[in-house]
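Accompanying notes for the structure given below.
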Amino acid sequence: MTKSSLRLPFALAVSMLFVGAARADYMDWSYHWSISPSPVLASGTGTVAQALGQSGHGAHRILAAAVTTSSSATLRTPDHFNSNFNLTLHLTDLATHQSGNLTFSGNIKGTLTYNSAHLIESFRSPIEHLRLGNHIYWVELPNHLSLTSPGSLVVPTFYAMVWVENLPPPPIFPPGIRTSSITTASIVTGPAASSTPEPSSLALGGMGVVLMGCAFIRRIWG
């Protein structure tokens with residue numbers, strides 16, 4: 001096999017290696033959830049409880065909450081919900097130790113009885129983002145979640161999807177140079193400026209040179 005035939009596979013392998021490194025996601029961050037005013041919302045005889053996911057480190061998909069219901073209401077007099085809450089994700093960029101919060105405004109609406117549920121949990125703005133250091137964190141929750149009746153074997157859970165956008169680092173300037181300084185053109189004043197001939201002086205001098213030239217020509221041809 002010739003050298004030229006070896007170059008192409010080697011170049012492809014190197015390019016694939018660099019592409020894979022460029023696409024590697026940033027995972028050097030941690031998180032934890034909180035909820036207000038309370039993880040348990042009540043209405044009539046019914047409650048909706050949200051068990052938040054545990055704290056952890058960087059991942060594409062993180063558990064937000066598992067939601068259960070309870071009620072002793074009958075079909076004739078169901079419990080009615082129209083309750084608001086705030087679900088907050090606290091993020092920490094471990095490289096820079098910067099941290100911040102993303103808050104999702106949620107609502108639980110519908111009716112609930114001892115053996116049925118017509119409840120929808122939704123978020124007003126399911127996608128939020130936050131900049132920490134040289135990264136922008138994008139977090140997405142589901143638009144809505146259908147809740148189940150009390151005692152159901154199926155417990156609705158929802159996850160947050162996380163994407164981290166890498167930003168280019170700021171430029172590094174040599175020591176002693178202030179980035180806020182602005183170079184401006186200076187105007188010469190004082191004695192240096194006064195030594196510059198005025199336009200009228202230049203005109204008179206030019207006329208004198210012309211007259212001397214004419215006199216010289218007349219002397220030659222006279």
Side-chain angles (χ1 to χ4, degrees), residues 6-41 48-68 83-108 120-147 154-182:
L6 287 172
R7 289 175 183 172
L8 182 58
F10 179 75
L12 288 175
V14 171
S15 63
M16 290 177 65
L17 178 63
F18 278 99
V19 169
R23 291 175 61 89
D25 294 317
Y26 179 76
M27 293 295 179
D28 196 15
W29 51 275
S30 63
Y31 68 91
H32 74 262
W33 294 98
S34 62
I35 192 169
S36 61
S38 170
V40 179
L41 301 174
V48 176
Q50 305 195 69
L52 301 180
Q54 296 182 348
S55 302
H57 287 80
H60 294 294
R61 187 170 178 259
I62 59 178
L63 175 63
V67 190
T68 58
S83 305
N84 297 320
F85 65 93
N86 288 322
L87 182 64
T88 299
L89 178 61
H90 182 81
L91 294 171
T92 300
D93 187 288
L94 298 178
T96 61
H97 302 290
Q98 295 183 9
S99 61
N101 295 327
L102 291 175
T103 299
F104 300 86
S105 299
N107 175 267
I108 294 175
I120 299 295
E121 179 172 352
S122 61
F123 293 94
R124 184 181 306 168
S125 178
I127 300 178
E128 298 288 350
H129 69 280
L130 172 70
R131 176 170 181 172
L132 298 174
N134 293 326
H135 303 96
I136 297 180
Y137 292 81
W138 293 87
V139 180
E140 179 181 9
L141 293 178
N143 288 323
H144 63 274
L145 181 71
S146 297
L147 305 186
V154 177
V155 177
T157 59
F158 61 97
Y159 291 78
M161 304 300 295
V162 183
W163 296 270
V164 182
E165 179 183 354
N166 298 323
L167 298 177
I172 300 176
F173 294 94
I177 296 180
R178 295 180 301 174
T179 57
S180 60
S181 62
I182 301 175

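In what follows, every heavy atom counts, from backbone to side chain, and hydrogens, waters and symmetry copies are set aside.
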Q) Out of I35, T103, L102, which one pairs with T88 under the side chain to side chain contact (heavy atoms under 4.5 Å, CB included) rule? A) T103
(Q) Treating W33 as the side-chain partner and L63 as the backbone partner, does any N or O pair qualify as donor plus acceptor under 3.5 Å? (A) yes
Q.
Are the side chains of V67 and F158 in contact, using a 4.5 Å heavy-atom criterion?
A. yes
**Q.** Pairs involving residues 48-61, ordered by first then second residue, that meet side-chain hydrogen bond (donor to acceptor under 3.5 Å, both in side chains) (sequence neighbours left out)
**A.** D25-H60
Q) Closest approach of P142 and Y159, non-hydrogen atoms and distance? A) CD-O, 3.4 Å
(Q) Tell me every residue that passes side chain to side chain contact (heavy atoms under 4.5 Å, CB included) with N107, counting only those two or more places apart in sequence or in another chain. (A) N82, N84, K109, S122
**Q.** H32: partners by ring pair (Phe, Tyr, Trp, His ring centres under 6.0 Å), with sequence neighbours left out
**A.** H90
Q. For the residue pair Y137 and Y26, does the interplanar ring angle fall in the parallel (under 30°), tilted (30 to 60°) or perpendicular (over 60°) class?
A. perpendicular
(Q) I'd like to check D93 versus S99 (side-chain heavy atoms, cut-off strictly below 4.5 Å). Are they in contact? (A) no
Q: Please report the shortest heavy-atom distance between N134 and P168, naming the atom on each side.
A: OD1-O, 4.4 Å
(Q) Just verifying a value: how many Å separate N86 CG and S36 OG, rounded to the nearest 0.5 Å? (A) 4.5 Å
**Q.** Heavy-atom closest contact (A160 atom, V139 atom, distance)
**A.** CB-CG1, 3.9 Å
Q: Working to the nearest 0.5 Å, report the span between CG of L41 and CD of E121.
A: 8.5 Å
Q | Set of residues satisfying side chain to side chain contact (heavy atoms under 4.5 Å, CB included) with respect to A59, sequence neighbours excluded | A | I62
**Q.** CA sep, side-chain torsions, deciding dist, call: H135, D28, side chain to side chain contact (heavy atoms under 4.5 Å, CB included)
**A.** CA-CA 11 Å; H135 303 96; D28 196 15; over 6 Å; no
**Q.** Pairing residues for H129 by the ring pair (Phe, Tyr, Trp, His ring centres under 6.0 Å) criterion, not counting sequence neighbours
**A.** W138
Q. How far does CG of L145 sit from CD1 of I120, to the nearest 0.5 angstrom?
A. 7.5 Å
Q. Any idea which heavy atoms bring P156 and S146 closest together, and the distance?
A. CG-O, 3.7 Å
Q: Go through the steps to decide whether L141 and L87 satisfy the test side chain to side chain contact (heavy atoms under 4.5 Å, CB included), and finish with yes or no.
A: CA-CA 10 Å; L141 293 178; L87 182 64; 4.0 Å; yes
Q) Roughly how far, to the nearest 0.5 Å, is OG of S30 from CG of L94? A) 4.5 Å
Q. How long is the span from the CZ atom in F123 to the CG atom in N143, to the nearest 0.5 Å?
A. 10.0 Å
Q | By ring pair (Phe, Tyr, Trp, His ring centres under 6.0 Å) - contacts of F104 (at least two apart) | A | none
Q: Please step through side chain to side chain contact (heavy atoms under 4.5 Å, CB included) for the pair L132 and W29, ending with a clear verdict.
A: CA-CA 10 Å; L132 298 174; W29 51 275; over 6 Å; no
